[in-house]
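Inspection log for the structure reproduced underneath, given as structure tokens.
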Amino acid sequence: ESLECDILISTLPLPAADNRVVISNFFNERDKNAVSTLIKQVKDAKFKEKTVTLLHKLVRRDLFALNASYASREEAIRTMAQRLIDGGDVGKRFIEKLLERENISPTNFEMIAIPHPIDYYTEKSVMEISVLKKPLPWGNTNVHIIAMFSVSRQDLSDFSDIFSFMARVFNVSENLEQLIAAKSYENFMELLWQLSVPSVE
């Protein structure tokens with residue numbers, strides 16, 4: 001009978017597998033480090049799977065743009081937000097709330113901007129992504145990707161994970177280069193599954 005588990009720890013030899021570790025009969029520092037490393041790897045893999053699955057649900061094909069070009073941060077916000085308004089995903093105050101948030105503090109994280117309102121909630125959560133043709137000045141950096149979102153109250157906890165994931169993945173230069181070079185919506189979303197996610201220490 002097969003046993004499904006996240007981690008398998010044994011003092012006996014085991015067939016090689018990503019979720020297994022062999023320790024000595026007398027648990028020592030090396031064993032402790034090996035088990036800790038495996039637990040971290042499994043947690044990181046589960047975090048990535050959960051978050052990328054959420055992103056696939058949130059980012060629709062019609063809310064994804066390659067080689068987008070905006071004259072300024074405000075134009076980017078207004079243009080992208082208007083798409084959400086026109087599609088019935090958010091209400092008319094969405095733009096006002098986005099700009100209000102940006103005035104408090106720009107929402108750029110190195111090479112990605114994640115514009116969002118502070119106290120504006122919608123019936124359903126939605127995210128719109130623009131991959132820029134050329135970097136756009138935003139706060140104190142130049143951003144290459146804009147990920148705008150609106151969130152429902154019931155999804156608030158999930159969005160903290162999405163923030164963490166995007167900040168970690170998009171700020172690795174090798175990851176960013178691959179995402180910027182994506183040829184399509186499908187290619188971009190597939191890359192999210194493949195890219196490495198730096199661990200949080």
Side-chain angles (χ1 to χ4, degrees), residues 41 44-90 94-95 98 101-102 106-117 122 124-139 141-152 155-200:
Q41 289 171 348
D44 285 346
K46 283 183 169 291
F47 170 77
K48 179 179 179 179
E49 181 180 4
K50 172 191 172 186
T51 310
V52 175
T53 299
L54 277 170
L55 283 170
H56 272 76
K57 291 178 181 177
L58 290 170
V59 184
R60 304 193 309 262
R61 187 178 282 98
D62 62 307
L63 295 178
F64 178 85
L66 281 176
N67 297 315
S69 183
Y70 306 106
S72 65
R73 175 179 65 172
E74 183 168 338
E75 181 185 291
I77 289 172
R78 290 185 179 277
T79 302
M80 291 177 69
Q82 192 60 53
R83 253 193 303 272
L84 293 174
I85 293 169
D86 293 343
D89 293 296
V90 299
F94 188 60
I95 295 175
L98 287 168
R101 169 65 180 86
E102 287 293 328
T107 55
N108 58 304
F109 299 87
E110 298 298 332
M111 294 175 281
I112 179 174
I114 311 178
H116 60 281
T122 44
K124 62 178 181 179
S125 298
V126 64
M127 180 175 285
E128 179 179 3
I129 291 181
S130 284
V131 180
L132 303 179
K133 188 173 184 177
K134 60 181 181 179
L136 179 68
W138 198 298
T141 65
N142 291 323
V143 302
H144 296 253
I145 295 174
I146 304 170
M148 175 180 289
F149 75 81
S150 181
V151 61
S152 65
D155 292 337
L156 279 174
S157 61
D158 287 334
F159 265 82
S160 65
D161 288 339
I162 289 175
F163 260 125
S164 174
F165 175 83
M166 295 179 85
R168 285 156 62 184
V169 172
F170 286 48
N171 286 327
V172 175
S173 58
E174 293 82 1
N175 289 350
L176 189 70
E177 287 169 11
Q178 291 187 61
L179 290 167
I180 292 170
K183 303 299 183 186
S184 65
Y185 165 84
E186 289 79 10
N187 185 206
F188 185 93
M189 299 307 283
E190 182 60 31
L191 281 169
L192 289 178
W193 284 110
Q194 300 170 4
L195 295 176
S196 61
V197 182
S199 296
V200 173

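All values reported here derive from a predicted model rather than from experimental measurement. We use all heavy atoms of the structure for the numbers below, so side chains are in, but hydrogens, waters and symmetry mates are not. Note that the numbering runs from 1 along the sequence shown for the chain.
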Minimum heavy-atom separation for [X] to [Y], with atom names?
| X | Y | value |
| --- | --- | --- |
| M80 | I146 | SD-CG2, 3.6 Å |
| Y185 | V59 | OH-O, 2.6 Å |
| I114 | H116 | O-ND1, 2.7 Å |
| A182 | L191 | CB-CD1, 4.2 Å |
| L84 | E128 | CG-OE1, 3.4 Å |
| R83 | S130 | NH2-OG, 4.1 Å |

How long is the gap from [atom1] on [X] to [atom2] on [Y], to the nearest 0.5 Å?
| X | Y | atom1 | atom2 | result |
| --- | --- | --- | --- | --- |
| N142 | E110 | CG | CD | 11.0 Å |
| R78 | S72 | CZ | OG | 9.5 Å |
| Q178 | N187 | CD | CG | 9.5 Å |
| Y70 | T79 | OH | OG1 | 6.0 Å |
| R61 | M189 | CZ | CE | 10.0 Å |
| S173 | M111 | OG | CE | 6.0 Å |

Is any side-chain heavy atom of [X] less than 4.5 Å from a side-chain heavy atom of [Y]?
| X | Y | result |
| --- | --- | --- |
| K124 | D89 | yes |
| D161 | L54 | no |
| F165 | K50 | no |
| R73 | P106 | yes |
| M148 | F94 | yes |
| I129 | F188 | yes |
| L176 | I145 | yes |
| V126 | R60 | yes |

Original post:
Does CD in Q82 sit with more than 12 non-hydrogen atoms of other residues, nucleotides or ligands closer than 6.0 Å?
Top reply: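 More than 12 within 6.0 Å, yes.
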
Non-neighbouring partners of H144 that pass ring-ring contact (aromatic ring centres under 6.0 Å, His included), sequence neighbours left out
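None.
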
*Take V131 and L179 through the test side chain to side chain contact (heavy atoms under 4.5 Å, CB included) and record every step on the way to the result.*
CA-CA 8 Å; V131 180; L179 290 167; over 6 Å; no

Report task. Give me the ring orientation class for H56 and W193: parallel if the planes are under 30° apart, tilted from 30 to 60°, perpendicular past 60°. Result -> tilted

**Asked** Counting only N and O atoms by type, is there a donor-acceptor contact under 3.5 Å from the side chain of T107 to the main-chain atoms of A113?
**Response**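 Judged by distance alone, no pair lies under 3.5 Å.
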
